[in-house]
Amino acid sequence: MSSATFVGMPAFPDAARGATADAQLRHNLRKATGTIRGKRGEVVEELDDWSELREAGRAIKDRTLRHLDRYLETLEESVTAAGGTVHWAADADEARAIVTRLVRATGEREVVKVKSMATQEIELNNALEAEGITAYETDLAELIVQLGEDLPSHFLVPAIHRNRAEIGRIFRERMGAWGVPAPEGLGDDPRELAEAARRHLRQKFLETRVAVSGANFAVADTGSLVVLESEGNGRMCLTLPETLISVVGIEKLVPSWSDLEVFMQLLPRSSTGERMNPYSTVWTGVTPGDGPQEFHLVLLDNGRTDSLADEVGRQALRCIRCSACLNICPVYERTGGHAYGSVYPGPIGAILTPQLQGLQGPVEKALPFASSLCGACYEVCPVAIDIPEVLVHLREKVVDGKRPGPEKAAMAAAEWVLEDPKRLHAAQRAASALRGAVPRRLPGPGAAWTDTRDVPDVPERPFRDWWRDRSRGGRGGEERR
Amino acid sequence: MRIALFVTCVNDTLYPGTGRAVVSLLERLGHEVVFSEEQTCCGQMHYNSGYRRDAQRLAVRFVRTFEDADAVVAPSGSCAAMIRDNYPRLGEHGSRLQRAASELAPRVYDLSELLVDVLGVTDVGAYFPHTVTYHPTCHGLRMLRLGDKPYRLLRNVRGLTLVDLPGAAECCGFGGTFAVKNPDVSAAMGSDKARNAASTGAEVLCAVDNSCLMHIGGTLSRERAGMRVVHLAEILASTEREPALA
Ligand code: SF4
């Protein structure tokens, strides 16, 4: 049973080509993101203090990040005092090794999983599989992705790129190989599909003794971890097994219980468009006779402290993974999540992935450019991450690290012309002299424009010539473009 | 009032009619327009593409050209937003550019802001007997927060019928170098915008930015949609004696 991986995917512009040509995918995405967008809009609109809440969310996260070292120590102390064990993982390799060792120590060969971005980020399932341990995803959408040997394409709805006909087929063909098979004659009615998933998962909940989760928040002063979800499947994993291992990014911290209140309002409204999510599970270490009797917290850095060192880029660490920026993004709506070639898609992925992984390969270097800078993401972000600002900042880093080439030469030439009005004027006159000679389809890089768009007609003369002529009492205003 | 025109490099080179419209409109309203031939470009393309040092050099020139003006009008929402929102954070902390840009930025206006907020006029006495739909553009909508200003100006134009544009708030997909770096996504966004515009049945798509209009208009013309794109300035400058699109 193999899991897919993002490693080795093509860079955004190439990946997007296939996605934009897939009419079914575009239809699925437009419908799904449109629905969540509408719901979010309604529940945000009804609060008259939304902008204050958003500002509070931003400020709490910024304060936490500023003193992250201190809060992390507090968290470690309170989790330990409550009977849990804290592990520190500097990178994905370390985190995978810690979790694998902990599962092995239990003697179990199967784990149930609560939906978690951190474990996706470190590709935990593949690592466990290599050690002969099977991880079962229990979030409905993650289950669809796992059974389909597919990759997630959205934070909240990892299978957003699938419609129900495709889901019915995946269940019929693949469920049996993983456990309780789909019922005879399963169709594609959403209720039927949910029932099939319920029966399939129930067996896992009842039989599996180890669970792996992430967390939406970790409260430093009490050592409590918090998971918000819709289905209750997470609750099952967090309460029934004997051992619970939670992999949590170090930026998930909030200082105190009272800070949590702000995010309990911001997250559900931004994420599912609900006033409150159906299931909120909070656990603090180990409670004798109640829930898992062994609790491990793996605190994951994996590039986060590097991002923290970047004055402009660090705001990305405020992210609470609500996915509002994905749902509003016109680029995401047309490409879907896979084109971003990373676990974190959409606008936030375009600024987070290059920071966590470094601007190393073509995928990371293309991501800061995967945006028209329309600003819709910034406007909806519940913790006010100025995503366009970080995109531009990362573009500067890409450009600085670039060897001389046609683009750099063209930009330098453009600047040289624009820096001096005389040169600009000469260029304008040259363009006007050649105005009749501009072909409808341009060769070379210009084709990227003229493949789908006509070029504008070059005017007889630039504005500045008209102005000069007019101020000398010349032919003035009678000409047209 | 004496108003300095920053025509923008795109309008200067490709859409001089927009610049002429701003001049004739403001003069008709009794104001004086000045144009410094020292001006070139605000540096938006360089800034957005990651060429910060080039953008800084262009910003220095801009600030030097316009720092004595009482009011600067830029008939381009994205250039006005570049200057107002990005100039103050473009220079190094404590630099002369940062100080001068922060001082100048609040006096730089998009045309609709200048008319409604500074000159206090919403009826400019224009005549434009056509059905028009308005695309708000991302910079106008989310950075300058123009809100209903352009709509108020358009509603007061005699002969003009204004119709709603479906999906108005969504980006047209131009995005400067985005249009050539990610041509497939840009084209997909552009053709959705063009389809929405054409579905209104309007004769004219109007906006405050010729860059967006070049992209949407280029798509409409390739798709032979038979719809014109016209800058807001040209509609507001149009009169019965000197009509646009005659
Ligand atoms: S960046 Fe903001 S909007 Fe996007 S997922 Fe994170 S918190 Fe939500």
Side-chain angles (χ1 to χ4, degrees), chain A residues 12-13 16-17 20-21 26 330-331 334-335 368-376 378-379 389 392 394-400 411-412 414-415 418-421 424-425 427-428 431 445-446 448-449 451-459 461-468 471 477 479-481, chain B residues 7 9 11-20 23-24 35 37-41 43 45-52 54 57-58 61 89 138-139 141-143 169-171 173-192 214-215 217-219 221-222 242:
Chain A
F12 190 82
R17 185 162 309 130
T20 49
R26 274 176 73 180
V331 175
R334 281 157 188 94
T335 64
F369 298 90
S371 164
S372 65
L373 303 179
C374 84
Y378 177 31
E379 195 172 58
E389 180 186 29
V392 168
L394 293 172
R395 289 176 185 189
E396 287 162 7
K397 293 192 165 192
V398 174
V399 167
D400 286 347
M411 292 303 263
E415 200 277 332
L418 292 168
E419 206 186 63
D420 180 344
L424 173 61
H425 190 211
Q428 288 169 333
W449 180 271
D451 276 349
T452 56
R453 293 155 285 215
D454 287 342
V455 281
D457 295 330
V458 179
R461 54 183 186 156
F463 175 82
R464 60 183 67 228
D465 280 0
W466 173 82
W467 179 271
R468 190 177 289 179
S471 25
E479 82 181 32
R480 304 182 32 82
R481 181 191 295 166
Chain B
V7 73
C9 64
N11 288 329
D12 187 4
T13 310
L14 292 174
Y15 301 96
T18 298
R20 296 195 300 270
V23 175
S24 86
F35 176 82
E37 292 190 29
E38 284 300 302
Q39 63 182 273
T40 57
C41 163
M45 178 185 75
H46 285 94
Y47 176 75
N48 284 348
S49 307
Y51 292 79
R52 189 189 188 86
D54 293 319
R57 275 197 289 274
L58 293 167
R61 159 170 289 280
R89 54 182 166 179
C138 301
H139 290 86
L141 193 65
R142 284 177 278 267
M143 288 177 89
E170 196 172 281
C171 177
F174 173 63
T177 46
F178 175 74
V180 287
K181 276 185 183 284
N182 282 288
D184 300 283
V185 189
S186 171
M189 290 162 70
S191 83
D192 287 348
M214 174 170 75
H215 168 70
T219 308
S221 131
R222 179 61 57 87
E242 283 180 68

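Proteins come first, then strands; the chains are lettered A, B, ... in the order of their sequence lines, and each starts at number 1.
How far CZ of B:F178 is from OG of A:S371: 7.0 Å, rounded to the nearest 0.5 Å. Here the OG1-CE distance, from B:T177 to A:M411, works out to 6.0 Å after rounding to the nearest 0.5 Å. Annotation: the span from B:R142 atom CZ to A:E379 atom CD amounts to 5.5 Å, rounded to 0.5 Å. Atom-to-atom distance recorded for A:L424:CG and B:E37:CD is 11.0 Å, nearest 0.5 angstrom. Going from atom CG of B:D12 over to atom CH2 of A:W466 covers 11.5 Å, rounded to the nearest 0.5 Å. Here CZ of B:R61 is found 7.5 Å from CD of A:E419. Values are rounded to the nearest 0.5 Å.
For A:D451 against B:R222, the heavy-atom pair with the smallest separation is O-NH1, 3.3 Å. Shown here for B:P16 and A:P462, the closest heavy-atom pair between the two residues is CB-C, 4.1 Å. The two residues B:M45 and A:A414 have their closest heavy-atom pair at CE-CB, 4.2 Å. Across A:V399 and B:G50, no two heavy atoms sit closer than the pair CB-O, 3.7 Å. Of all the heavy atoms in A:F463 and B:G19, the pair that sits closest is CE1-C, 3.3 Å. Between B:V180 and A:W449, the closest heavy-atom pair is CG1-N, 4.3 Å.
With chain B as the partner, the residue from A:L418, A:V392, A:L373 showing the most heavy-atom pairs under 4.5 Å is A:L418. In terms of heavy-atom pairs under 4.5 angstrom with chain A, the leader among B:D184, B:V185, B:L141 is B:D184. When each of B:G176, B:P183, B:A179, B:A187 is scored by its heavy-atom pairs under 4.5 Å with chain A, the top score falls to B:A179. Most heavy-atom pairs under 4.5 Å with chain A: of the set B:G173, B:C9, B:S49, this distinction falls to B:S49. The greatest number of non-hydrogen atom pairs below 4.5 Å with chain A, out of B:G217, B:G175, B:G43, B:C138, is found for B:C138. For the options B:C41, B:S191, B:G190, heavy-atom pairs under 4.5 Å to chain A are most numerous at B:C41. The greatest number of non-hydrogen atom pairs below 4.5 Å with chain B, out of A:R26, A:K397, A:H425, is found for A:R26.
Between A:F12 and B:N182, the closest side-chain pair of non-hydrogen atoms falls below 4.5 Å. Under the 4.5 Å side-chain criterion, counting only non-hydrogen atoms from C-beta, A:P456 is in contact with B:M214. A 4.5 Å side-chain heavy-atom check between A:P13 and B:K181 finds every atom pair outside the cut-off.
In this structure, no portion of A:A431 lies under 4.5 Å from any heavy atom of chain B. Proximity to chain A involves both the backbone and the side chain of B:S221, based on heavy atoms less than 4.5 angstrom apart. In this structure, the portions of A:T452 lying under 4.5 Å from any heavy atom of chain B include both its backbone and its side chain. If you measure heavy-atom distances from A:V398 to chain B, you find no contacts under 4.5 Å at all. Of the atoms belonging to B:E170, it is side-chain heavy atoms, and not backbone ones, that fall under 4.5 Å from chain A.
Note: B:F35 and A:W467 have tilted aromatic rings, judged against thresholds of 30 and 60 degrees for the angle between ring planes.
Between the side chain of A:R464 and the main chain of B:Q39, a donor-acceptor pair closer than 3.5 Å is present.
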